[in-house]
Amino acid sequence: PPVDRIYGIHIWPSVPKGKIGVRWGPMMAQTLEFDIIVHGRSAHGASPQLGVDAVVVAAELIGLLQTAITRNLDPHEDALLTIGKISGGTARNIIADKVTLNATLRVFSSSVYAKLSERIRDMLQGLTLATGATFEFKKLMQYPCVDNPRPLVEDFYRYVDMSDVVLVEPAMAAEDFACYQQEAPGLFLFLGIGGGKNCQPLHNCRFDFDEDALLLYNSVKVTALFFGEKALAFSPKNSAAPARGRRRSPGGLRRLVRRPQGPVCALCGRQDLWCHHTTRKAPWQSEIFVCAGWRRLSRRSPPTPPGPPG
């Protein structure tokens with residue numbers, strides 16, 4: 001069946017526990033996971049002139065690859081290259097004939113990706129001439145950038161308590177959810193787990209988190225299933241009293257009950273229950289004015305109210 005929209009969520013240590021991190025536009029990086037295999041020529045360790053030391057060539061390559069970013073890109077461009085694993089050699093007294101480097105490249109721009117890919121290949125060709133070693137460049141996995149459409153983010157804002165939402169900076173981490181976003185509109189969120197017993201970054205061997213943070217995830221999941229139909233709104237905080245025109249349902253959810261004829265909104269002139277304009281503080285700007293028929297995210301004052309409808 002056709003898919004209207006998709007949602008994804010990832011636990012995130014830098015977002016405080018009990019908060020949801022989101023942004024529109026690029027949120028997570030485009031990535032390329034690749035291997036570089038250095039082929040040298042083995043010889044006795046006492047006669048290095050008879051071989052091509054793949055370990056020494058690999059060490060030269062590691063330093064050279066870092067300059068692909070620091071000396072070839074505008075400093076304002078976001079990019080990084082990490083070599084996370086190196087393996088090679090057979091014994092302490094043998095010149096190594098093979099070394100494998102496992103690496104990942106992260107960028108936010110397709111043009112930067114193309115430029116760095118070309119530069120890395122040029123470096124490999126240059127080292128071949130300089131050292132006599134040969135290289136294999138193997139692309140293993142490539143993800144596009146996680147890019148949240150602004151309309152989906154604004155729809156999400158409409159159904160959450162803004163005090164539970166934080167604006168996050170683009171992350172250099174990558175996510176295969178981006179591949180699904182190429183097929184259908186998708187919204188990706190960060191579930192905050194910062195604080196509590198977690199004080200380690202992702203992929204750390206001592207990483208842990210408080211599982212009660214997943215309770216917020218359950219509320220978000222239910223909201224994501226229904227807010228596309230504009231039927232439910234949720235708040236993880238159960239302490240607030242239900243607003244007029246709403247009835248409180250369990251689990252921190254607020255069901256909006258549409259009246260046949262609601263009050264006329266002073267700002268948009270609509271007769272609609274959802275036109276209960278409120279002013280809330282948002283973490284990235286001074287005010288946010290919320291309405292189902294009219295929406296404004298601005299630091300400026302609200303516009304002059306229109307005349308009566310009709």
Side-chain angles (χ1 to χ4, degrees), residues 1-15 19-35 77-82 84 102-114 116-117 138-160 164-194 201-203 207 209 211 213-234 236 253 284 295:
V3 177
D4 295 325
R5 57 182 69 186
I6 57 177
Y7 303 94
I9 198 163
H10 197 299
I11 57 176
W12 210 253
S14 62
V15 176
K19 304 290 184 180
I20 293 292
V22 69
R23 70 177 296 113
W24 60 61
M27 184 172 178
M28 301 182 75
Q30 176 181 345
T31 182
L32 171 65
E33 296 182 5
F34 63 94
D35 289 347
E77 296 281 1
D78 293 321
L80 68 82
L81 190 153
T82 297
N102 304 138
T104 180
L105 176 67
R106 307 292 172 94
V107 298
F108 285 101
S109 165
S110 296
S111 61
V112 171
Y113 168 79
L116 288 178
S117 296
K138 293 184 176 181
K139 293 183 178 181
L140 302 179
M141 189 178 300
Q142 185 175 359
Y143 297 155
C145 179
V146 173
D147 196 318
N148 283 335
R150 179 167 180 167
L152 289 188
V153 177
E154 290 186 338
D155 278 347
F156 185 72
Y157 287 160
R158 184 181 302 174
Y159 296 99
V160 298
D164 297 318
V165 179
V166 296
L167 178 69
V168 294
E169 294 296 324
M172 276 297 182
E175 174 59 49
D176 57 4
F177 183 81
C179 298
Y180 296 100
Q181 285 183 317
Q182 305 301 303
E183 305 298 328
L187 176 64
F188 199 74
L189 306 168
F190 289 161
L191 176 64
I193 59 170
L202 293 173
H203 294 196
F207 175 82
F209 70 98
E211 294 185 359
L214 299 178
L215 295 176
L216 177 60
Y217 160 72
N218 290 332
S219 295
V220 172
K221 180 171 65 174
V222 172
T223 302
L225 290 174
F226 290 98
F227 86 70
E229 301 173 2
K230 299 180 179 179
L232 290 178
F234 91 98
L253 295 176
W284 59 95
R295 193 166 182 82

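Counting from 1, the numbers follow the sequence of the chain as shown. Everything numeric here is computed off the predicted structure, so don't read it as measured data.
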Should V22 and V168 be marked as a side chain to side chain contact (heavy atoms under 4.5 Å, CB included) after you check the CA-CA gap, both sets of side-chain angles, and the distance that decides it? CA-CA 6 Å; V22 69; V168 294; 5.7 Å; no

Just verifying a value: how many Å separate [X] [atom1] and [Y] [atom2], rounded to the nearest 0.5 Å?
X    : Y    : atom1 : atom2 : value
L105 : L80  : CG    : CG    : 7.5 Å
L189 : N148 : CG    : CG    : 7.0 Å
F188 : Q181 : CZ    : CD    : 8.5 Å
W24  : F156 : CH2   : CZ    : 13.5 Å
Q30  : M172 : CD    : CE    : 11.0 Å
L187 : E154 : CG    : CD    : 11.5 Å

Is it true that E175 and Y180 share a donor-acceptor pair across their side chains at a distance under 3.5 Å? no

Would you check if [X] and [Y] make a side-chain contact, meaning some heavy-atom pair closer than 4.5 Å?
X    : Y    : answer
M27  : D147 : no
L191 : V15  : no
V153 : R23  : no
P13  : L202 : yes

For R106, give me all partners under side chain to side chain donor-acceptor pair (under 3.5 Å), at least two apart in sequence or on another chain. T31, T104

Minimum-distance pair of heavy atoms, taken over all atoms of [X] and [Y]:
X    : Y    : result
F108 : C145 : CD2-SG, 3.9 Å
G186 : P149 : O-CD, 3.0 Å
V146 : A178 : CG2-CB, 3.7 Å
L116 : A79  : CD1-CB, 4.0 Å
K139 : F34  : CA-CB, 4.3 Å

Would L152 and R5 count as a side chain to side chain contact (heavy atoms under 4.5 Å, CB included) here? Give the steps. CA-CA 9 Å; L152 289 188; R5 57 182 69 186; 3.5 Å; yes

Look only at the side chain of S109 and the backbone of S111, and say whether a donor-acceptor pair between them is shorter than 3.5 Å. yes

Between the main-chain N or O of L140 and the side-chain N or O of E33, is there a donor-acceptor pair closer than 3.5 Å? no

Can you confirm whether E183 is buried at CD, in the sense that more than 12 heavy atoms of other residues, nucleotides or ligands lie under 6.0 Å from that atom? no

Parallel, tilted or perpendicular for W12 and F190, by the 30°/60° rule? parallel

